[in-house]
Protein chains: 2
Amino acid sequence: MPATPAVPNGKRPTLADVASRAGVSTALVSIVMRGAKGAGQATRERVLQAAREIGYRPDARARLLRSHRSHLLGVQFGLQHPFHSDLVEGIYAAAEPAGYQIALSAVAAGRGEQRAVETLLDDRCEALILLGPQAPAARLAELAGQLPVVSVARRLRPSVPGLEVVRTADDEGAGQAVDHLVALGHRDIAHIDGGRAPGAADRRRGYRTAMNRHGLGELIRILPGGLTEEEGAEAARTLSATRPRPTAVLAFNDRCATGVLDLFLRSGVAVPGGISVVGFDDSHLARLAHIDLTTVGQDVARLAGLAVGRAVARLEGAEIPAGEQVITPRLVVRGTSAPPP
Amino acid sequence: MPATPAVPNGKRPTLADVASRAGVSTALVSIVMRGAKGAGQATRERVLQAAREIGYRPDARARLLRSHRSHLLGVQFGLQHPFHSDLVEGIYAAAEPAGYQIALSAVAAGRGEQRAVETLLDDRCEALILLGPQAPAARLAELAGQLPVVSVARRLRPSVPGLEVVRTADDEGAGQAVDHLVALGHRDIAHIDGGRAPGAADRRRGYRTAMNRHGLGELIRILPGGLTEEEGAEAARTLSATRPRPTAVLAFNDRCATGVLDLFLRSGVAVPGGISVVGFDDSHLARLAHIDLTTVGQDVARLAGLAVGRAVARLEGAEIPAGEQVITPRLVVRGTSAPPP
DNA sequence: TCAAGGAACTAGAACGTTCTAGAACTCCGT
DNA sequence: ACGGAGTTCTAGAACGTTCTAGTTCCTTGA
C-alpha cells in the first residue's frame, strides 16, 4: 500500500514531515529528494524510506517559487486541431529527456490566444512554444521581448530578436506534390487553399511556382478552401461542376483532402481513376487504410524536437545563430494519386 | 505601450516593486490586485496605475503557495481523442465563471495516465477531472481517498466514496438508436462495438436489450470494432461480405461510423439507400454537411458543466447526495438513416 | 467631549521549497 | 597531535504572495 493518506492531520505531507520522521533537517531531505550530492548513502535511504512511508510528493509550486529556474515550457495549442495534438505529443517526448516540464494552454471557442498566453505567463513558464499562432506579428514580437518564444508552423518575415521560428518548407512541399502529379502525366492541377491559415500563403506560392516551372502557368487554378473537411468538400463541389474538370487536386491539408475525397466519392467521381487527390501533413488520418491518402509529410517529431531544442538552447544561454529552422517535407505516395484518365 | 519589460533590473516585477512605486505596503497592493475590500478609492487607482506602468502580473505559483485554496482543477484528457477536446472546451467554459482555473495534463503515447495524474497532483490541483480514465478501479479509489475525483464517461460499479461519476446513459442511447431504426422498418440491425473502451459495454448491453424488446433477439449481431475510423472500416468490410447483409448498423462512435460510411461508399453500398448507419457522440464530425450522420448525441456542455459542478461542490463542502450523474442522450436524426431497401 | 466603531493601511509571519553559510565530523599525511 | 581537505549535515534566509493582528485615523452619536 504505497500511498496511504499518511500524516495524521489532513494536510498533504511536506518536507518537514519527512524530516522529522527521518530525524534530519529539511535541507537534507531537500537534497535527497533532488538527488543532489551532499548526503550519505545510509541517510539517503532512510530519508527515501520515510518519504515513501508517508506518501510525500514535492510541491511543484513551492519548488518553482524558490528556485530561480522553473524548467517549465509553456505550450499553446489549438484544441480542435489534430495536427497540434500530434505536435504536443512530440513536445512532451522531447521535453522530458531535456529536463523540462510542459504546461499546456488550449485555444478554444471562448478562449483566445491572448488568454492562453496570459495563463502560461502567470504560471512562470520560462519560454513559450506557440503552435500555429494567429496573433499579429507585433504582439509576438512584444512577447519575444519578455522571454524566448518559438513559433511553430507559422512563418514570420523579419527575424525579430528573441523570436524563434520552426516550420516546414510549405512551398517546397506544395512543389513536391505538383512535381509528383506532373510526373504521373497530369497538367490540369487545381489547388484548394487554406485561406489565411498559417502556412497557406507559402503552399499557394509553392503551387504557383511549380506550375510555372513546368510551363503550366495558364492552368493555375486556386479555389478558396480552409482547414476543415467541410471546406474541402465545399470546394470540391464547385470543382466537380467545372468543365473541363482538373485531373488532380492539391488540398491545403489532410482534413481538407478528406472532405474532397468524400464529396468526389458521393458524386461518382473515382479517385484516383477519375481524379487524383493529394493532401498535406501526413496526419493519422491520411494513413488510415481506407483513406490511404497521398500527402506531403511534415516531420512532426522533428518539428517538435527542434521547437523544444531551440527554446532550451535559448534558456541555457547558448549563442544560437539563425532565428529560423526550416524542415524539408517529403512526399508520401499512397493510393489517391495515379496517372490521369 | 502597455507591457514594456519595465523594472530596471531584468527580473519580473513583483508586489514589492509596485508597492514602492505607489508608496504603499505590499499588503495593500495585494488587496488591490485581488479586488478585495480594505483599500480607498484613490489609492486603489494609484496602485493599479503603478502596476500597469511596470507591467506587473501576479505570480500564480506564489499566490497558490500562500493561499490555502488553489482553485485549480486538474483535467486529464486523451490528446488524440476529439471527443475529449470537446469536453475540455466545455470544462474551460464552465470553470471560469465558477472561479476555478484549469490545469491540463495529456495522455499520449509514452505518457500514461499514471504520469498525467502525477503532474496534476504535483501542481496542487484541488480536484481531478478524468476524461474516460482507463486506470483500474482500485487506483481511482485510492486517488479518491486523497482528493475529490470526477470520472467522466466511464462507468464505475460500486460508488466509491469520494469518487464522482458523470456519464451519458450509454445503454439508453444505443436503445434509442435501435428504436429509431426499428420504427423505420429495420429488423436486421448489427452493432459494431468499442471493445474495452469506456462506455462500450453499456452500449452493447443497450443494443441487446432493445433488440430483445423488439423481439429481434435472434438477429442480434455484434462485430468487434473500436474507436477509430480504421476499426470501423475493417468491421464494415466484414459486414459487407456477409449474407444476408444487415439493413442497418449502429457504430460505437462517430469516428467508427465515418469509417463504416467510407467503406460502404467505396464498395458501392449506398447509404442510406442500401444500408442505414448510426453513430454515437454527435461530435463535430457528424455535423459536417457531407457526412450528415444520424447519431446519438451526448450533451457535451452538460457533461462538462456537471463534471466541474460536482468537483466544485465537493470542494466547497456541499453535502452532495448521489455519487453518479447520468445524462440522457438524445438521438439526432440526419441523413444516414432511412427505411430499409 | 468622548468613546465606539469603522475604514484605511501596515508589520510581520506564514506557505513549502531551495540556497548560502558554516558547523561538525571523518580521514589523512606529517 | 595537528592542520588541512573532504564529506555530511544544519540553521536560517530567501522566493512572491496572502493572512492575521494590529495601528492609525476618521466619523459619528450621545
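Note on naming: letters A, B, ... go to the chains in the order of the sequence lines (proteins, then strands), and numbering restarts at 1 for each one.
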Please report the distance, rounded to the nearest Å, between [atom1] in [X] and [atom2] in [N].
X: A/R44; N: D/dT8; atom1: CZ; atom2: C1'; result: 10 Å
X: A/K37; N: D/dT8; atom1: NZ; atom2: C1'; result: 13 Å
X: B/D123; N: C/dG16; atom1: CG; atom2: P; result: 16 Å
X: B/L65; N: D/dT18; atom1: CG; atom2: C1'; result: 10 Å
X: A/R61; N: D/dT17; atom1: CZ; atom2: P; result: 14 Å
X: B/D122; N: C/dT17; atom1: CG; atom2: C1'; result: 13 Å
X: A/I54; N: C/dG16; atom1: CD1; atom2: C1'; result: 13 Å
X: B/L15; N: C/dA13; atom1: CG; atom2: P; result: 18 Å

Open item on the list: Using heavy-atom distances to pick each residue's nearest nucleotide on DNA chain C, tell me which of B/S67 and A/H68 is more 5'.
Closed with: B/S67
TODO: Using the closest heavy atom to pick a nucleotide of DNA chain C for each, name whichever of B/A62 or A/V29 lands nearer the 5' end.
DONE: B/A62
TODO: Report which part of the nucleic acid A/G38 touches: base, sugar-phosphate, or nothing (heavy-atom distance under 4.0 Å, all strands).
DONE: base
Out of [options], which nucleotide sits closest to the side chain of [X]?
X: A/S25; options: D/dT10, C/dT17, D/dT18; value: D/dT10
X: B/D59; options: D/dT17, D/dT8, C/dT10; value: D/dT17
X: A/R34; options: C/dA8, C/dG12, C/dT18; value: C/dT18
X: B/Y56; options: D/dT17, C/dC19, D/dT8; value: D/dT17
X: B/R124; options: C/dG16, D/dC9, D/dG16; value: C/dG16
X: B/A27; options: C/dA11, C/dT17, D/dT18; value: C/dA11
X: B/L28; options: C/dC19, C/dT18, C/dT10; value: C/dT10

Open item on the list: If you go through the side-chain atoms of B/R66, does one of them form a donor-acceptor pair with the base of D/dT18 closer than 3.5 Å?
Closed with: yes
Open item on the list: Can you confirm whether the side chains of A/Q49 and A/E45 place a donor and an acceptor under 3.5 Å from each other?
Closed with: no
Open item on the list: When you compare the side chains of A/Q41 and A/R44, does any donor N or O come within less than 3.5 Å of an acceptor on the partner?
Closed with: no
Open item on the list: Keeping B/E164 on the side-chain end and B/P148 on the backbone end, is there a donor-acceptor pair under 3.5 Å?
Closed with: no
Open item on the list: Would the distance check show the side chain of A/S70 and the main-chain N or O of A/L64 forming a donor-acceptor pair, the cut-off being under 3.5 Å?
Closed with: no
- [ ] Would you mind reporting whether B/V32 and B/V24 have side-chain heavy atoms less than 4.5 Å apart?
- [x] no
Task: Ion pair check, A/E89 and B/R111, cut-off under 4.0 Å - done: no
- [ ] Look at A/S30 and C/dT17 and indicate whether a side-chain polar atom (N or O) is within less than 4.0 Å of OP1 or OP2.
- [x] no
Open item on the list: For a quick test of reading the model: is some side-chain N or O of B/T43 closer than 4.0 Å to OP1 or OP2 of C/dC9?
Closed with: yes
